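Labels below follow one simple rule: chain letters A, B, ... track the order of the sequence lines, proteins then strands, and each chain is numbered from 1. Every value quoted in this text rests on a predicted model; they were computed, and no experiment measured them.
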There are 2 protein chains.
Amino acid sequence: MSDFVHLLKTKDLKATPQRICVLRELEKKNHPTIEHLYDALRKENPSMSLATVYKNIATLKEKGIVIEVNISDGKMHYDIYSHPHVHLVCQNCGVIQDIDYDDALVAYQHSLETHKGIKVGRLDLIATIESCSFCKK
Amino acid sequence: MSDFVHLLKTKDLKATPQRICVLRELEKKNHPTIEHLYDALRKENPSMSLATVYKNIATLKEKGIVIEVNISDGKMHYDIYSHPHVHLVCQNCGVIQDIDYDDALVAYQHSLETHKGIKVGRLDLIATIESCSFCKK
DNA sequence: CTCTTTTTTTCGAATCATTCCATAATACAC
DNA sequence: GTGTATTATGGAATGATTCGAAAAAAAGAG
(Lines give C-alpha, C1' and ligand atoms only; values in the text may rest on other atoms or scores of the structure.)
Protein backbone atom coordinates (compact mmCIF):
# COMPACT_ATOMS: atom_id res chain seq x y z
CA MET A 1 0.00 0.00 0.00
CA SER A 2 1.43 3.34 -1.06
CA ASP A 3 2.43 5.87 1.54
CA PHE A 4 -0.28 8.30 0.47
CA VAL A 5 -2.99 5.66 0.72
CA HIS A 6 -1.81 4.88 4.20
CA LEU A 7 -1.59 8.54 5.16
CA LEU A 8 -5.14 9.18 3.97
CA LYS A 9 -6.49 6.16 5.79
CA THR A 10 -4.95 7.22 9.07
CA LYS A 11 -6.81 10.52 8.68
CA ASP A 12 -10.12 8.79 7.89
CA LEU A 13 -10.11 9.92 4.31
CA LYS A 14 -10.88 7.70 1.37
CA ALA A 15 -7.94 7.12 -0.91
CA THR A 16 -9.43 8.33 -4.17
CA PRO A 17 -7.28 8.65 -7.29
CA GLN A 18 -7.96 12.40 -7.35
CA ARG A 19 -6.73 12.84 -3.81
CA ILE A 20 -3.62 10.79 -4.44
CA CYS A 21 -2.90 12.83 -7.57
CA VAL A 22 -3.11 16.04 -5.58
CA LEU A 23 -0.64 14.70 -3.04
CA ARG A 24 1.68 13.43 -5.74
CA GLU A 25 1.69 16.83 -7.39
CA LEU A 26 2.35 18.58 -4.07
CA GLU A 27 5.14 16.12 -3.41
CA LYS A 28 7.04 17.68 -6.31
CA LYS A 29 7.50 20.69 -4.05
CA ASN A 30 6.47 23.21 -6.67
CA HIS A 31 4.26 24.90 -4.09
CA PRO A 32 1.48 25.18 -6.67
CA THR A 33 -1.63 27.33 -6.68
CA ILE A 34 -5.09 25.82 -7.18
CA GLU A 35 -4.86 26.80 -10.84
CA HIS A 36 -1.47 25.09 -11.24
CA LEU A 37 -2.78 21.93 -9.60
CA TYR A 38 -5.87 21.91 -11.78
CA ASP A 39 -3.87 22.36 -14.99
CA ALA A 40 -1.30 19.73 -14.04
CA LEU A 41 -3.80 17.14 -12.87
CA ARG A 42 -6.11 17.50 -15.83
CA LYS A 43 -3.32 16.28 -18.06
CA GLU A 44 -3.36 12.87 -16.38
CA ASN A 45 -7.03 12.84 -15.58
CA PRO A 46 -9.01 15.07 -17.98
CA SER A 47 -12.27 14.61 -16.10
CA MET A 48 -10.76 16.08 -12.92
CA SER A 49 -12.94 18.96 -11.88
CA LEU A 50 -11.85 22.29 -10.43
CA ALA A 51 -14.33 21.85 -7.61
CA THR A 52 -12.60 18.61 -6.69
CA VAL A 53 -9.25 20.36 -6.43
CA TYR A 54 -10.74 23.03 -4.17
CA LYS A 55 -12.55 20.49 -2.06
CA ASN A 56 -9.60 18.15 -1.65
CA ILE A 57 -7.23 20.95 -0.77
CA ALA A 58 -9.71 22.16 1.84
CA THR A 59 -10.06 18.66 3.26
CA LEU A 60 -6.31 18.02 3.34
CA LYS A 61 -5.81 21.39 5.00
CA GLU A 62 -8.33 20.56 7.72
CA LYS A 63 -6.52 17.33 8.42
CA GLY A 64 -3.18 19.12 8.67
CA ILE A 65 -1.70 17.27 5.72
CA VAL A 66 -1.45 20.39 3.60
CA ILE A 67 -0.68 24.01 4.51
CA GLU A 68 -1.21 27.32 2.76
CA VAL A 69 1.77 29.41 1.78
CA ASN A 70 0.96 33.08 1.21
CA ILE A 71 3.79 34.80 -0.60
CA SER A 72 1.72 37.94 -1.23
CA ASP A 73 1.57 37.43 -4.98
CA GLY A 74 -2.21 37.45 -4.86
CA LYS A 75 -2.57 33.69 -5.09
CA MET A 76 -2.43 31.09 -2.38
CA HIS A 77 0.16 28.35 -2.73
CA TYR A 78 -0.04 24.90 -1.17
CA ASP A 79 2.48 22.54 0.35
CA ILE A 80 2.57 19.13 1.95
CA TYR A 81 3.36 19.54 5.64
CA SER A 82 5.05 16.25 6.37
CA HIS A 83 7.53 17.86 8.75
CA PRO A 84 7.94 21.33 10.32
CA HIS A 85 9.62 23.75 7.96
CA VAL A 86 9.50 27.37 6.86
CA HIS A 87 9.76 29.01 3.45
CA LEU A 88 12.18 31.11 1.47
CA VAL A 89 10.70 33.14 -1.36
CA CYS A 90 12.62 34.85 -4.13
CA GLN A 91 11.07 38.21 -4.87
CA ASN A 92 12.61 38.17 -8.33
CA CYS A 93 11.57 34.81 -9.76
CA GLY A 94 8.95 33.72 -7.24
CA VAL A 95 10.53 30.36 -6.47
CA ILE A 96 9.58 28.98 -3.07
CA GLN A 97 12.03 26.77 -1.16
CA ASP A 98 11.52 24.76 1.99
CA ILE A 99 13.88 25.42 4.88
CA ASP A 100 14.06 23.01 7.79
CA TYR A 101 13.98 24.18 11.35
CA ASP A 102 17.44 24.84 12.78
CA ASP A 103 18.74 25.55 16.27
CA ALA A 104 18.41 29.30 15.84
CA LEU A 105 14.72 29.05 14.96
CA VAL A 106 14.04 26.69 17.83
CA ALA A 107 15.87 29.17 20.06
CA TYR A 108 13.64 31.98 18.82
CA GLN A 109 10.53 29.96 19.55
CA HIS A 110 11.80 29.28 23.06
CA SER A 111 12.61 32.94 23.56
CA LEU A 112 9.08 33.86 22.51
CA GLU A 113 7.60 31.33 24.88
CA THR A 114 9.68 32.27 27.90
CA HIS A 115 9.51 36.00 27.31
CA LYS A 116 5.80 36.19 26.54
CA GLY A 117 4.69 33.30 28.74
CA ILE A 118 2.94 31.56 25.87
CA LYS A 119 3.01 28.19 24.14
CA VAL A 120 3.60 28.58 20.44
CA GLY A 121 1.60 26.13 18.37
CA ARG A 122 3.10 26.83 14.98
CA LEU A 123 5.46 29.27 13.32
CA ASP A 124 4.51 30.34 9.81
CA LEU A 125 7.57 32.05 8.48
CA ILE A 126 8.36 33.36 5.04
CA ALA A 127 11.77 34.86 4.44
CA THR A 128 11.88 37.05 1.35
CA ILE A 129 15.09 37.38 -0.62
CA GLU A 130 15.74 39.64 -3.60
CA SER A 131 17.23 37.04 -5.90
CA CYS A 132 18.24 33.41 -5.71
CA SER A 133 20.34 30.74 -7.38
CA PHE A 134 17.43 29.91 -9.71
CA CYS A 135 17.36 33.37 -11.22
CA LYS A 136 21.14 33.76 -10.72
CA LYS A 137 21.39 37.52 -10.30
CA MET B 1 1.59 69.04 9.20
CA SER B 2 0.42 65.72 10.57
CA ASP B 3 2.73 62.72 10.47
CA PHE B 4 0.53 60.91 7.98
CA VAL B 5 0.43 63.86 5.60
CA HIS B 6 4.20 64.01 5.74
CA LEU B 7 4.55 60.25 5.29
CA LEU B 8 2.28 60.28 2.23
CA LYS B 9 4.13 63.20 0.68
CA THR B 10 7.49 61.50 1.05
CA LYS B 11 6.03 58.58 -0.92
CA ASP B 12 4.63 60.86 -3.65
CA LEU B 13 1.05 60.21 -2.64
CA LYS B 14 -1.55 62.91 -2.25
CA ALA B 15 -2.75 63.36 1.28
CA THR B 16 -6.46 62.85 0.77
CA PRO B 17 -8.85 62.61 3.71
CA GLN B 18 -9.75 59.05 2.70
CA ARG B 19 -6.12 57.96 2.76
CA ILE B 20 -5.48 59.61 6.10
CA CYS B 21 -8.58 57.92 7.54
CA VAL B 22 -7.31 54.54 6.39
CA LEU B 23 -3.98 55.15 8.09
CA ARG B 24 -5.63 56.42 11.24
CA GLU B 25 -7.76 53.31 11.42
CA LEU B 26 -4.75 51.04 10.86
CA GLU B 27 -2.91 52.98 13.55
CA LYS B 28 -5.37 51.55 16.07
CA LYS B 29 -3.62 48.22 15.52
CA ASN B 30 -6.81 46.26 15.09
CA HIS B 31 -5.29 44.59 12.05
CA PRO B 32 -8.56 45.04 10.16
CA THR B 33 -9.84 43.37 7.03
CA ILE B 34 -11.03 45.43 4.04
CA GLU B 35 -14.58 44.93 5.26
CA HIS B 36 -13.71 46.19 8.76
CA LEU B 37 -12.00 49.23 7.34
CA TYR B 38 -14.94 50.00 5.08
CA ASP B 39 -17.46 49.71 7.89
CA ALA B 40 -15.39 51.79 10.30
CA LEU B 41 -14.55 54.52 7.84
CA ARG B 42 -18.07 54.93 6.51
CA LYS B 43 -19.18 56.00 9.95
CA GLU B 44 -17.02 59.12 9.75
CA ASN B 45 -17.31 59.59 6.03
CA PRO B 46 -20.52 58.03 4.64
CA SER B 47 -19.57 58.69 1.03
CA MET B 48 -16.40 56.62 1.38
CA SER B 49 -16.53 53.94 -1.28
CA LEU B 50 -15.44 50.32 -1.03
CA ALA B 51 -13.39 50.73 -4.20
CA THR B 52 -11.47 53.53 -2.53
CA VAL B 53 -10.58 51.30 0.40
CA TYR B 54 -9.32 48.59 -1.94
CA LYS B 55 -7.40 51.05 -4.06
CA ASN B 56 -5.80 52.86 -1.16
CA ILE B 57 -4.76 49.66 0.55
CA ALA B 58 -3.20 48.48 -2.72
CA THR B 59 -1.38 51.79 -3.14
CA LEU B 60 -0.12 51.86 0.45
CA LYS B 61 1.02 48.26 0.10
CA GLU B 62 3.00 49.07 -3.05
CA LYS B 63 4.72 51.88 -1.21
CA GLY B 64 5.62 49.63 1.70
CA ILE B 65 3.55 51.63 4.18
CA VAL B 66 1.10 48.81 4.75
CA ILE B 67 1.57 45.04 4.85
CA GLU B 68 -0.78 42.10 4.55
CA VAL B 69 -1.21 39.74 7.47
CA ASN B 70 -2.58 36.34 6.52
CA ILE B 71 -3.74 34.49 9.61
CA SER B 72 -5.46 31.79 7.52
CA ASP B 73 -8.97 32.76 8.58
CA GLY B 74 -9.94 33.27 4.96
CA LYS B 75 -9.66 37.05 5.05
CA MET B 76 -6.63 39.22 4.60
CA HIS B 77 -5.76 41.59 7.41
CA TYR B 78 -3.77 44.81 7.09
CA ASP B 79 -1.21 46.56 9.25
CA ILE B 80 0.89 49.70 9.18
CA TYR B 81 4.53 48.71 8.79
CA SER B 82 6.23 51.63 10.47
CA HIS B 83 8.92 49.39 11.96
CA PRO B 84 9.95 45.75 11.57
CA HIS B 85 7.80 43.42 13.62
CA VAL B 86 6.15 40.02 13.47
CA HIS B 87 2.74 38.79 14.59
CA LEU B 88 1.22 36.62 17.26
CA VAL B 89 -2.21 35.20 16.52
CA CYS B 90 -4.55 33.59 19.01
CA GLN B 91 -6.26 30.61 17.42
CA ASN B 92 -9.06 30.85 19.94
CA CYS B 93 -10.15 34.48 19.75
CA GLY B 94 -8.37 35.62 16.59
CA VAL B 95 -6.63 38.59 18.19
CA ILE B 96 -3.47 39.66 16.38
CA GLN B 97 -0.63 41.22 18.35
CA ASP B 98 2.54 42.90 17.12
CA ILE B 99 5.83 41.56 18.43
CA ASP B 100 9.02 43.52 17.98
CA TYR B 101 12.19 41.92 16.73
CA ASP B 102 14.38 40.59 19.52
CA ASP B 103 17.94 39.30 19.64
CA ALA B 104 16.87 35.71 19.00
CA LEU B 105 15.03 36.66 15.81
CA VAL B 106 17.92 38.76 14.59
CA ALA B 107 20.17 35.79 15.35
CA TYR B 108 17.92 33.52 13.28
CA GLN B 109 18.01 35.92 10.36
CA HIS B 110 21.81 36.01 10.57
CA SER B 111 21.96 32.22 10.75
CA LEU B 112 19.80 32.01 7.63
CA GLU B 113 22.01 34.47 5.80
CA THR B 114 25.33 32.87 6.72
CA HIS B 115 24.14 29.30 6.31
CA LYS B 116 22.31 29.81 3.01
CA GLY B 117 24.51 32.55 1.65
CA ILE B 118 21.58 34.85 1.07
CA LYS B 119 20.48 38.35 2.06
CA VAL B 120 17.08 38.26 3.70
CA GLY B 121 14.92 41.22 2.76
CA ARG B 122 12.07 40.67 5.14
CA LEU B 123 10.77 38.06 7.55
CA ASP B 124 7.02 37.55 7.58
CA LEU B 125 6.39 35.54 10.68
CA ILE B 126 3.14 34.53 12.33
CA ALA B 127 3.31 32.64 15.58
CA THR B 128 0.06 30.86 16.40
CA ILE B 129 -0.96 30.30 20.00
CA GLU B 130 -3.94 28.36 21.29
CA SER B 131 -5.25 30.97 23.68
CA CYS B 132 -4.18 34.35 24.95
CA SER B 133 -4.71 36.87 27.72
CA PHE B 134 -7.61 38.40 25.79
CA CYS B 135 -9.63 35.20 25.82
CA LYS B 136 -8.16 34.15 29.22
CA LYS B 137 -8.40 30.36 28.94
C1' DC C 1 -7.00 83.49 -5.40
C1' DT C 2 -7.60 81.29 -9.97
C1' DC C 3 -6.19 78.30 -13.47
C1' DT C 4 -4.24 73.97 -14.96
C1' DT C 5 -2.74 69.45 -14.51
C1' DT C 6 -2.72 65.21 -12.35
C1' DT C 7 -4.37 62.23 -9.09
C1' DT C 8 -8.03 60.39 -6.60
C1' DT C 9 -12.82 59.24 -5.54
C1' DT C 10 -17.08 57.44 -6.60
C1' DC C 11 -20.66 54.27 -8.37
C1' DG C 12 -22.06 50.68 -10.91
C1' DA C 13 -20.89 47.17 -13.97
C1' DA C 14 -17.80 43.46 -15.13
C1' DT C 15 -14.72 39.97 -13.82
C1' DC C 16 -12.69 36.42 -11.29
C1' DA C 17 -12.20 33.08 -7.72
C1' DT C 18 -14.56 30.11 -4.71
C1' DT C 19 -18.50 27.63 -3.00
C1' DC C 20 -22.80 25.35 -3.46
C1' DC C 21 -26.00 21.95 -5.20
C1' DA C 22 -27.86 17.91 -7.19
C1' DT C 23 -26.60 13.84 -9.39
C1' DA C 24 -23.56 10.19 -10.67
C1' DA C 25 -19.73 7.55 -9.43
C1' DT C 26 -16.71 5.20 -6.33
C1' DA C 27 -14.34 3.40 -2.13
C1' DC C 28 -14.55 0.33 1.34
C1' DA C 29 -16.57 -2.72 4.95
C1' DC C 30 -19.08 -6.79 5.44
C1' DG D 1 -20.93 -8.96 -4.82
C1' DT D 2 -23.96 -5.69 -1.85
C1' DG D 3 -24.96 -1.70 0.78
C1' DT D 4 -23.77 2.63 2.64
C1' DA D 5 -21.31 6.55 3.19
C1' DT D 6 -18.18 9.44 0.97
C1' DT D 7 -16.47 11.70 -2.97
C1' DA D 8 -16.39 13.58 -7.83
C1' DT D 9 -18.48 16.17 -11.24
C1' DG D 10 -20.46 20.20 -13.92
C1' DG D 11 -22.97 23.98 -13.82
C1' DA D 12 -25.14 27.55 -11.36
C1' DA D 13 -24.83 30.82 -7.59
C1' DT D 14 -22.31 33.63 -4.63
C1' DG D 15 -19.08 36.87 -3.04
C1' DA D 16 -14.99 39.39 -3.32
C1' DT D 17 -12.08 42.27 -6.11
C1' DT D 18 -11.15 45.03 -10.12
C1' DC D 19 -12.36 48.00 -13.87
C1' DG D 20 -13.97 52.10 -16.31
C1' DA D 21 -15.77 56.52 -16.94
C1' DA D 22 -17.04 60.69 -15.06
C1' DA D 23 -16.88 63.97 -11.20
C1' DA D 24 -14.21 65.83 -7.48
C1' DA D 25 -10.33 67.42 -5.29
C1' DA D 26 -5.22 68.18 -4.42
C1' DA D 27 -0.92 70.43 -5.59
C1' DG D 28 1.63 73.78 -7.92
C1' DA D 29 2.28 77.92 -10.86
C1' DG D 30 1.40 82.43 -11.81
Sequence-distant partners of B:Ser133, side chain to side chain contact (heavy atoms under 4.5 Å, CB included), two or more places apart: none

Closest listed nucleotide, where the reference is the side chain of A:Leu50 and the choices are D:dT9, C:dT8, C:dT18: C:dT18

Atom-to-atom span, CE of B:Met48 to C1' of C:dT10 - whole angstrom: 11 Å

Under 3.5 Å side-chain donor-acceptor pair for B:Asp102 and A:His115: no

Under 4.0 angstrom between B:Ser47 side-chain N/O and C:dT10 OP1 or OP2: yes

Separation of atom CD in B:Gln18 from atom P in D:dA24, rounded to whole Å: 14 Å

Separation of atom CG in A:Leu8 from atom P in D:dA5, rounded to whole Å: 21 Å

Rounded distance in Å - CD (A:Glu68) to C1' (C:dA17): 14 Å

Gap between atoms NZ and P, on B:Lys75 and D:dA16 respectively (whole Å): 8 Å

Under 4.0 angstrom between A:Asn56 side-chain N/O and D:dT7 OP1 or OP2: no

Flag for A:Thr128-B:Asp124: side-chain donor and acceptor within less than 3.5 Å: no

Spacing between A:Tyr54 atom OH and D:dG15 atom P, to the nearest angstrom: 16 Å

B:Asn45 CG - C:dC11 C1' separation (whole Å): 14 Å

Sugar-phosphate, base or nothing in reach of A:Thr59, heavy atoms under 4.0 Å: nothing

Sugar-phosphate or base contact per nucleotide [nucleotides 20-30 of chain C; S, B, -; heavy atom under 4.0 Å]: B------BS--

Plane angle bin for A:Tyr81 and A:His85 - parallel if under 30°, tilted between 30 and 60°, otherwise perpendicular: tilted

B:His77 and B:Asn30: side chain donor to acceptor below 3.5 Å: no

Value in whole Å for how far the C1' atom of D:dT17 lies from CD1 of B:Ile34: 9 Å

Whether B:Lys29 side chain and B:Ile80 backbone form a donor-acceptor pair below 3.5 Å: yes

Salt-bridge contact A:Glu113-A:Lys116 (side-chain N to carboxylate O under 4.0 Å): no

